[in-house]
Amino acid sequence: MYGLSKSLKKNFGSITKPGFGTLQPALKRLEKQGLIKADRFFTEGGKPYYYYSITQNGKGFLKKKILEKPSINPIQFYPCAKIKLACSDILESGEKKDLYSTLKNEAVKIKSETEKNLKSDWTAENYCQKMVLDNTLCEYNNFIALIEGLEHACNG
């Protein structure tokens with residue numbers, strides 16, 4: 001559990017930080033579904049510890065989740081899309097291209113909507129909202145550039 005938590009923090013810490021109370025039930029559920037396998041070992045003091053590995057069914061399930069249509073809700077889209085991209089090395093070349101295209105298209109839609117909102121009439125009372133939207137536009141410009149870089153690497 002500690003090793004998994006450490007690995008998640010290292011690889012996804014800027015995106016998500018699940019606690020032990022979240023991880024343990026999730027691992028039990030994934031094991032029960034046959035998506036992961038737990039090997040039990042014992043320390044010299046007799047304390048059990050587990051080594052988890054993904055099964056073939058688990059790899060298929062992960063691919064399915066990565067390729068699943070993303071949420072169109074911008075608050076959910078961005079962090080989920082980043083996780084999908086971070087896990088995309090498990091995909092075949094054609095699957096990666098499909099994922100990148102899908103995420104890029106959705107990101108462009110959200111960016112366009114943000115640009116439209118920024119063109120609205122703004123008053124002094126809306127300064128903070130305008131600054132947040134401006135930052136969102138920058139994030140999506142960078143995110144789209146990231147996807148384009150991944151597309152280029154996938155095609156090269």
Side-chain angles (χ1 to χ4, degrees), residues 1-114 117 129 132-133 135-156:
M1 188 72 74
Y2 173 75
L4 177 62
S5 179
K6 190 174 175 179
S7 179
L8 285 170
K9 184 177 180 180
K10 177 185 169 206
N11 294 305
F12 300 101
S14 62
I15 302 169
T16 185
K17 293 180 183 163
F20 288 127
T22 302
L23 289 176
Q24 191 170 25
L27 289 170
K28 297 283 184 205
R29 190 173 51 253
L30 292 170
E31 184 180 14
K32 188 174 182 180
Q33 294 171 349
L35 303 175
I36 63 172
K37 179 182 164 208
D39 291 313
R40 186 172 164 174
F41 299 94
F42 293 92
T43 64
E44 288 183 21
K47 185 176 179 181
Y49 69 95
Y50 296 88
Y51 178 81
Y52 294 95
S53 57
I54 191 166
T55 64
Q56 283 304 114
N57 285 344
K59 286 180 183 179
F61 181 79
L62 178 57
K63 278 186 172 189
K64 181 181 166 199
K65 293 306 270 183
I66 293 169
L67 294 169
E68 199 172 72
K69 187 175 180 354
S71 171
I72 59 169
N73 181 338
I75 198 104
Q76 294 172 335
F77 170 79
Y78 190 61
C80 291
K82 289 193 300 184
I83 291 170
K84 287 173 183 268
L85 289 177
C87 295
S88 66
D89 278 336
I90 195 173
L91 302 175
E92 302 296 328
S93 179
E95 294 170 324
K96 283 182 184 181
K97 289 177 184 178
D98 291 344
L99 174 67
Y100 300 158
S101 175
T102 299
L103 295 179
K104 183 176 166 183
N105 289 339
E106 192 57 41
V108 167
K109 287 179 195 174
I110 295 169
K111 177 188 164 198
S112 296
E113 187 175 315
T114 303
N117 289 337
Q129 183 180 5
V132 168
L133 286 174
N135 179 263
T136 300
L137 185 59
C138 289
E139 286 178 340
Y140 275 93
N141 280 328
N142 289 336
F143 188 65
I144 291 165
L146 167 67
I147 295 171
E148 288 172 345
L150 291 169
E151 285 176 323
H152 179 73
C154 189
N155 293 329

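This one's a predicted model, so the numbers in the text were calculated from it and none came from an experiment.
- The local environment of OH in Tyr51 is sparse, with at most 12 non-hydrogen atoms from other residues, nucleotides or ligands closer than 6.0 Å.
- Here the OG1-CD distance, from Thr136 to Glu113, works out to 11.0 Å after rounding to the nearest 0.5 Å.
- Taking the six-membered ring for Trp and thresholds of 30 and 60 degrees, Tyr78 and Phe143 have ring planes more than 60 degrees apart, a perpendicular arrangement.
- Around the NZ atom of Lys37, the shell of radius 6.0 Å holds no more than 12 heavy atoms that belong to other residues, nucleotides or ligands.
- Every side chain to side chain contact (heavy atoms under 4.5 Å, CB included) that Ser71 has, sequence neighbours left out, goes to Asn73, Gln76.
- Nearest heavy-atom pair, Ile54 versus Leu35, reported as atom, atom and distance to 0.1 Å: CG1-O, 3.6 Å.
- Once rounded to the nearest 0.5 Å, the distance linking CG of Leu62 with CG of Leu67 reads 9.0 Å.
- Nearest heavy-atom pair, Asn57 versus Gly34, reported as atom, atom and distance to 0.1 Å: CB-O, 3.8 Å.
- In this structure, Leu85 and Tyr100 have side chains that are in contact, with non-hydrogen atoms separated by less than 4.5 Å.
- Distance check: Thr55 OG1 to Ile36 CD1 gives 8.5 Å after rounding to the nearest 0.5 Å.
- Lys84 contributes a side-chain N or O that, together with a main-chain N or O of Ile66, makes up a donor-acceptor pair within less than 3.5 Å.
- Residues Asn155 and Lys97 meet the side-chain proximity criterion, which asks for heavy atoms closer than 4.5 Å.
- For Lys111 against Asn141, the heavy-atom pair with the smallest separation is CE-OD1, 2.8 Å.
- To the nearest 0.5 Å, atom NZ of residue Lys69 and atom OG1 of residue Thr102 are 8.0 Å apart.
- Leu30 CG to Tyr52 OH: the interatomic distance, rounded to the nearest 0.5 Å, is 10.0 Å.
- Separation of atoms CG (Leu99) and CD (Glu92) is listed at 13.5 Å; rounding is to 0.5 Å.
- Side-chain atoms of Thr114 come within 3.5 Å of backbone N or O of Ile110 as a donor-acceptor pair.
- Nearest approach of Ser88 to Lys96, heavy atoms of both residues: O-CE, 3.1 Å.
- Considering only heavy atoms from C-beta on, Ile83 stays 4.5 Å or farther from Pro79 through its side chain.
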